[in-house]
Amino acid sequence: HADYQFQAKVLARPLETNAWGWGVAAGAIRHADINVRQNLWGNYYFYVPVSRSFADDRLVLLFNAGGIDSRDDRRRGLSYGVGAEIYLTPRFMIATEAYGATGFDRFSQLGFRLWLVPERVQIDSTYGFQLNGPHRTEWVTLGFRLISRPFF
């Protein structure tokens, strides 16, 4: 099955070395195996990520809280997540995360990020899996990120 996800993020306070940062993210995800007429635009979510840098950015702890409107399941919940980014070199890092939402399943993922062009072009990949429930869902992602200069 293929899913389609669209997301927008805004940094309210960029993360600085050995300090805090936070932002806001919102998006929609559409599961291709759901009848299009039942839920054309997908499920909506938002969250507020908060990050804290330690050891001159070699370790970044991540926390987030938000909400989800699962129109596929006709239910809503409060979302939460905790994770870490561990920089092994300035261009390569390992990321881990556990997350879920009230009334929904919980998940975890582990992956890496590699800067091809520092601060502009990045490849990332993750392996993820479901932590609870009767069926074990697993996935692999491969991403290519292009990061622009600030618009404003």
Side-chain angles (χ1 to χ4, degrees), residues 1-34 36 39-72 76-102 104-131 137-152:
H1 302 283
D3 293 335
Y4 304 95
Q5 182 172 357
F6 303 93
Q7 181 172 282
K9 296 180 179 179
V10 175
L11 281 175
R13 178 180 179 197
L15 178 62
E16 295 180 8
T17 302
N18 299 318
W20 293 90
W22 71 280
V24 177
I29 186 166
R30 185 176 167 285
H31 302 291
D33 59 338
I34 302 294
V36 173
N39 186 3
L40 178 62
W41 296 106
N43 304 307
Y44 305 104
Y45 63 89
F46 77 94
Y47 61 94
V48 175
V50 177
S51 303
R52 175 67 165 102
S53 166
F54 295 94
D56 297 327
D57 291 340
R58 288 187 301 274
L59 171 64
V60 178
L61 297 182
L62 312 164
F63 308 93
N64 70 63
I68 182 171
D69 180 0
S70 178
R71 298 176 64 189
D72 291 341
R76 295 178 178 162
L78 299 175
S79 63
Y80 49 88
V82 61
E85 296 177 348
I86 303 158
Y87 287 82
L88 301 177
T89 73
R91 296 179 83 162
F92 182 77
M93 60 90 92
I94 294 173
T96 184
E97 178 183 30
Y99 59 94
T102 56
F104 292 85
D105 292 331
R106 295 182 307 276
F107 301 92
S108 183
Q109 56 188 9
L110 174 67
F112 73 89
R113 293 187 185 134
L114 173 66
W115 287 105
L116 298 177
V117 177
E119 305 299 320
R120 294 289 175 246
V121 181
Q122 187 180 75
I123 290 178
D124 67 60
S125 182
T126 59
Y127 164 70
F129 55 93
Q130 186 172 338
L131 293 170
T137 301
E138 297 181 69
W139 65 90
V140 174
T141 67
L142 179 61
F144 184 74
R145 295 175 56 201
L146 298 174
I147 301 170
S148 70
R149 298 188 190 283
F151 291 118
F152 304 102

Let me confirm one number: the [atom1]-[atom2] distance from [X] to [Y], rounded to the nearest 0.5 Å.
{"X": "L78", "Y": "T102", "atom1": "CG", "atom2": "OG1", "answer": "4.5 Å"}
{"X": "F6", "Y": "I29", "atom1": "CZ", "atom2": "CD1", "answer": "10.0 Å"}
{"X": "W22", "Y": "L11", "atom1": "CH2", "atom2": "CG", "answer": "10.0 Å"}
{"X": "M93", "Y": "F112", "atom1": "CE", "atom2": "CZ", "answer": "11.5 Å"}
{"X": "Q130", "Y": "T137", "atom1": "CD", "atom2": "OG1", "answer": "4.0 Å"}

Sort and list the pairs that fulfil salt bridge (charged side-chain N to carboxylate O under 4.0 Å, His left out) and have at least one residue in [range], not counting sequence neighbours.
{"range": "residues 6-23", "value": "none"}
{"range": "residues 82-96", "value": "E85-R113"}
{"range": "residues 138-148", "value": "R136-E138"}

Going through the distances and angles, do Y47 and Y99 end up as a side-chain contact (heavy atoms from CB on, under 4.5 Å)? CA-CA 12 Å; Y47 61 94; Y99 59 94; over 6 Å; no

Student check: side-chain heavy atoms of [X] and [Y] closer than 4.5 Å:
{"X": "W115", "Y": "I147", "answer": "yes"}
{"X": "Y127", "Y": "L110", "answer": "no"}
{"X": "Q7", "Y": "Y45", "answer": "yes"}
{"X": "I123", "Y": "L142", "answer": "yes"}

Partner residues of S53 under the side chain to side chain donor-acceptor pair (under 3.5 Å) criterion, sequence neighbours left out: D57

Holding to side chain to side chain donor-acceptor pair (under 3.5 Å), I want the full list of residues that pass it with T141, two or more places apart in sequence or in another chain. T126

Take R120 and R149 through the test side-chain contact (heavy atoms from CB on, under 4.5 Å) and record every step on the way to the result. CA-CA 8 Å; R120 294 289 175 246; R149 298 188 190 283; 2.9 Å; yes

For [X] against [Y], the heavy-atom pair lying closest together:
{"X": "G67", "Y": "S79", "answer": "N-OG, 3.3 Å"}
{"X": "N64", "Y": "P49", "answer": "CB-CA, 3.8 Å"}
{"X": "L61", "Y": "F63", "answer": "CB-CE1, 4.0 Å"}
{"X": "A84", "Y": "L62", "answer": "N-CD1, 4.2 Å"}

Check against side-chain contact (heavy atoms from CB on, under 4.5 Å), Y44 and R76: CA-CA 10 Å; Y44 305 104; R76 295 178 178 162; over 6 Å; no

Taking N43's backbone N and O only, do any of them form a donor-acceptor pair with S70's side chain (distance below 3.5 Å, no angle check)? no

Is it the case that the side chain of N18 and the backbone of D56 share a donor-acceptor pair, with hydrogens and angles ignored and the cut-off at 3.5 Å? yes

Step by step, work out the side-chain contact (heavy atoms from CB on, under 4.5 Å) result for V121 and L146. CA-CA 5 Å; V121 181; L146 298 174; 3.9 Å; yes

Can you name the ring pair (Phe, Tyr, Trp, His ring centres under 6.0 Å) partners of F54, sequence neighbours left out? none

